[in-house]
Peer 1: 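Below you'll find the structure I mean.
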Amino acid sequence: MHRLLAARLISVALGTILSPACKGGASTSTTDAGPPGALGPDPSAQVLARVGNRTITLGDYVAALEHMDEFDRMRYQAPERRKQLLSEMIDVMLLADEAREHGYDKDPATQQETREIVRDAVLKKARASAPAPNDIPANEVRGYFEAHKADFHDPERRRVSAIVVASEPAAIAVLDALKRSPASWGDLVRSKSIESRGKAGAPPELAGDLGFVSPPGDPRGVNARIPDEIRAVVFTVANVGDLVPRAVEANGKYYVVKLAGKNEPHDRTLEDAERSIRVKLAQDKAHELELAMLDRLRKQYPVQIDEATLAQVKVDMEGGGSGK
């Protein structure tokens, strides 16, 4: 079930978990509620279903729909799908009854999971007043761009291909074979390399491909498949298609390295970067609203932490946390 929908359903059923309830057969009405969002004069008074001694109103139902994003809401245009949603809401109430009866609601893990779902719903509400990316003023976008121009400089990136073997003599033999016949690269990748990725089904020009990497020291250009030693030497090669003239050891293996491609450095313009800046600023503003809510709550409900007790907690990597 969609997590935010689950949050809404829990808010409907929460009274079942926290207060006594009378279980019984659920008398439900599956009358077509009309298009999603269509309400009568007083939706809170229009009973859509009765579950034991509680009710699900049309207002509860539409609120559940409104808590979905637009894509999820589209799924409920058909009457049968809207009946399915009502059935899910009824199931939540019934299962909440069952959980309370068997004490599942007292389980710490269940309580924590419920708190996390409700937390997500509350934080979504806090973010509701944040502007959408398209609503960020143009002067803010330009101001951010001017203040962070270095972030929009894309350094040179180089594409690395390699034949990986287990020993230095094997690497030297591969280098010698390539000096005699550079066109044999693809065949040597398939017959000699112990690096499985970039072998099967790859076109000759991508045989042994390990992907792109930026210059050493650039944190944005890290590639987990390319060890630091290989990253360093590939930037010593002059031309695309050239080999590093020696075998390079890294992580106990030996690499015959070829510069397979090159992307020149590039400075993105404001037009290039505008969308990503708008998304970041919108996310930052939403995060600020979350922090403001948490700050208000911490002031309203002062938090005290027993640091000495916390320091006694030991983390058992095999069996989970333990007291001491």
Side-chain angles (χ1 to χ4, degrees), residues 144-281 283-284:
Y144 184 91
F145 178 78
E146 295 295 337
H148 298 85
K149 275 193 171 179
D151 294 343
F152 303 103
H153 171 74
D154 296 327
E156 178 184 349
R157 298 173 72 241
R158 294 193 167 199
R159 190 166 201 157
V160 180
S161 289
I163 299 172
V164 186
V165 294
S167 68
E168 186 173 19
I172 292 171
V174 169
L175 274 170
D176 289 341
L178 288 168
K179 289 174 184 177
R180 293 191 301 270
S181 175
S184 65
W185 175 270
D187 291 335
L188 288 168
V189 169
R190 286 185 286 274
S191 62
K192 302 296 184 181
S193 185
I194 60 176
E195 167 66 47
S196 60
R197 290 176 292 188
K199 286 177 66 175
E205 65 273 16
L206 293 181
D209 178 50
L210 298 180
F212 280 94
V213 72
S214 65
D218 183 349
R220 293 173 296 172
V222 174
N223 183 329
R225 296 181 63 191
I226 302 175
D228 290 341
E229 297 88 341
I230 309 306
R231 184 180 184 181
V233 298
V234 79
F235 276 88
T236 67
V237 177
N239 302 307
V240 173
D242 286 354
L243 296 172
V244 174
R246 61 182 177 83
V248 184
E249 182 181 7
N251 301 329
K253 295 177 282 191
Y254 289 83
Y255 290 70
V256 176
V257 180
K258 180 173 74 171
L259 175 58
K262 184 191 296 186
N263 287 347
E264 297 297 335
H266 171 67
D267 288 307
R268 281 178 279 166
T269 65
L270 174 59
E271 184 178 3
D272 295 333
E274 181 179 4
R275 180 60 187 173
S276 63
I277 293 174
R278 287 183 175 277
V279 169
K280 174 173 173 45
L281 292 178
Q283 291 174 338
D284 288 348

Peer 1: Output yes when a side-chain donor or acceptor of Ser184 lies under 3.5 Å from a complementary backbone atom of Asp187, and no otherwise.
Peer 2: no
Peer 1: Please name the pair of heavy atoms, one in Val189 and one in Gly208, separated by the smallest distance, quoted to 0.1 Å.
Peer 2: CG1-N, 3.6 Å
Peer 1: The criterion is salt bridge (charged side-chain N to carboxylate O under 4.0 Å, His left out); which residues satisfy it with Asp272, sequence neighbours excluded?
Peer 2: none
Peer 1: If I take atom CG from residue Asn263 and atom OG from residue Ser214, how far apart are they, to the nearest 0.5 angstrom?
Peer 2: 11.5 Å
Peer 1: What distance do Glu156 atom CD and Glu264 atom CD have between them, rounded to the nearest 0.5 Å?
Peer 2: 5.5 Å
Peer 1: What distance do Arg158 atom CZ and Ile226 atom CD1 have between them, rounded to the nearest 0.5 Å?
Peer 2: 12.0 Å
Peer 1: Which distance, rounded to the nearest 0.5 Å, do you find between the CG of Asp209 and the NZ of Lys258?
Peer 2: 10.0 Å
Peer 1: Under the side-chain contact (heavy atoms from CB on, under 4.5 Å) rule, collect the residues that match up with Glu146, sequence neighbours excluded.
Peer 2: Arg142, Lys149
Peer 1: Run the salt bridge (charged side-chain N to carboxylate O under 4.0 Å, His left out) test against Asp151 and tell me which residues pass, sequence neighbours left out.
Peer 2: none
Peer 1: Indicate the atoms forming the closest heavy-atom contact of Gly221 with Val213, along with that distance.
Peer 2: O-CG2, 3.2 Å
Peer 1: Suppose the criterion is ring pair (Phe, Tyr, Trp, His ring centres under 6.0 Å): which pairs have a residue in residues 219-246, not counting sequence neighbours?
Peer 2: none
Peer 1: Can you name the residues that form a side chain to side chain donor-acceptor pair (under 3.5 Å) with Asn223, not counting sequence neighbours?
Peer 2: none
Peer 1: What residues form a side chain to side chain donor-acceptor pair (under 3.5 Å) with Glu168, not counting sequence neighbours?
Peer 2: none
Peer 1: Check Glu195 with Arg225, please: is the shortest side-chain N to carboxylate O separation under 4.0 Å?
Peer 2: yes
Peer 1: Show the nearest heavy-atom pair for residues Ala250 and Tyr255, with the distance to one decimal.
Peer 2: O-CE1, 3.7 Å
Peer 1: For residues 174-182, which side-chain N or O atoms pair as donor and acceptor with protein atoms under 3.5 Å away, sequence neighbours left out?
Peer 2:
none

Peer 1: Would you please name every residue forming a side chain to side chain donor-acceptor pair (under 3.5 Å) with Arg157, sequence neighbours left out?
Peer 2: none
Peer 1: Give the minimum heavy-atom separation between Pro227 and Asn251, together with the two atoms involved.
Peer 2: CG-ND2, 3.7 Å
Peer 1: On a heavy-atom basis, which atom in Ala162 and which in Ser193 lie closest, and how many Å separate them?
Peer 2: O-OG, 4.4 Å
Peer 1: Please report the closest heavy-atom contact between Leu259 and Lys262, naming both atoms and the distance.
Peer 2: CD2-CE, 4.3 Å
Peer 1: List the atom pairs, with distances to 0.1 Å, where a side-chain N or O of residues 239-248 and a protein N or O form a donor-acceptor pair under 3.5 Å, not counting sequence neighbours.
Peer 2:
from   : atom 1 : to     : atom 2 : distance (Å)
Asn239 : ND2    : Asp242 : OD2    : 3.4
Asp242 : OD2    : Asn239 : N      : 3.3

Peer 1: Test: ring pair (Phe, Tyr, Trp, His ring centres under 6.0 Å). Region: residues 144-163. Which pairs qualify, not counting sequence neighbours?
Peer 2: Tyr144-His148, Phe145-Phe152
Peer 1: Could I get the full list of side chain to side chain donor-acceptor pair (under 3.5 Å) partners for Asp284, not counting sequence neighbours?
Peer 2: Lys280
Peer 1: With salt bridge (Lys or Arg N to Asp or Glu O under 4.0 Å) as the rule and sequence neighbours excluded, what pairs involving residues 229-240 come up?
Peer 2: none
Peer 1: Is there a side-chain contact between Trp185 and Val256 (heavy atoms, below 4.5 Å)?
Peer 2: yes
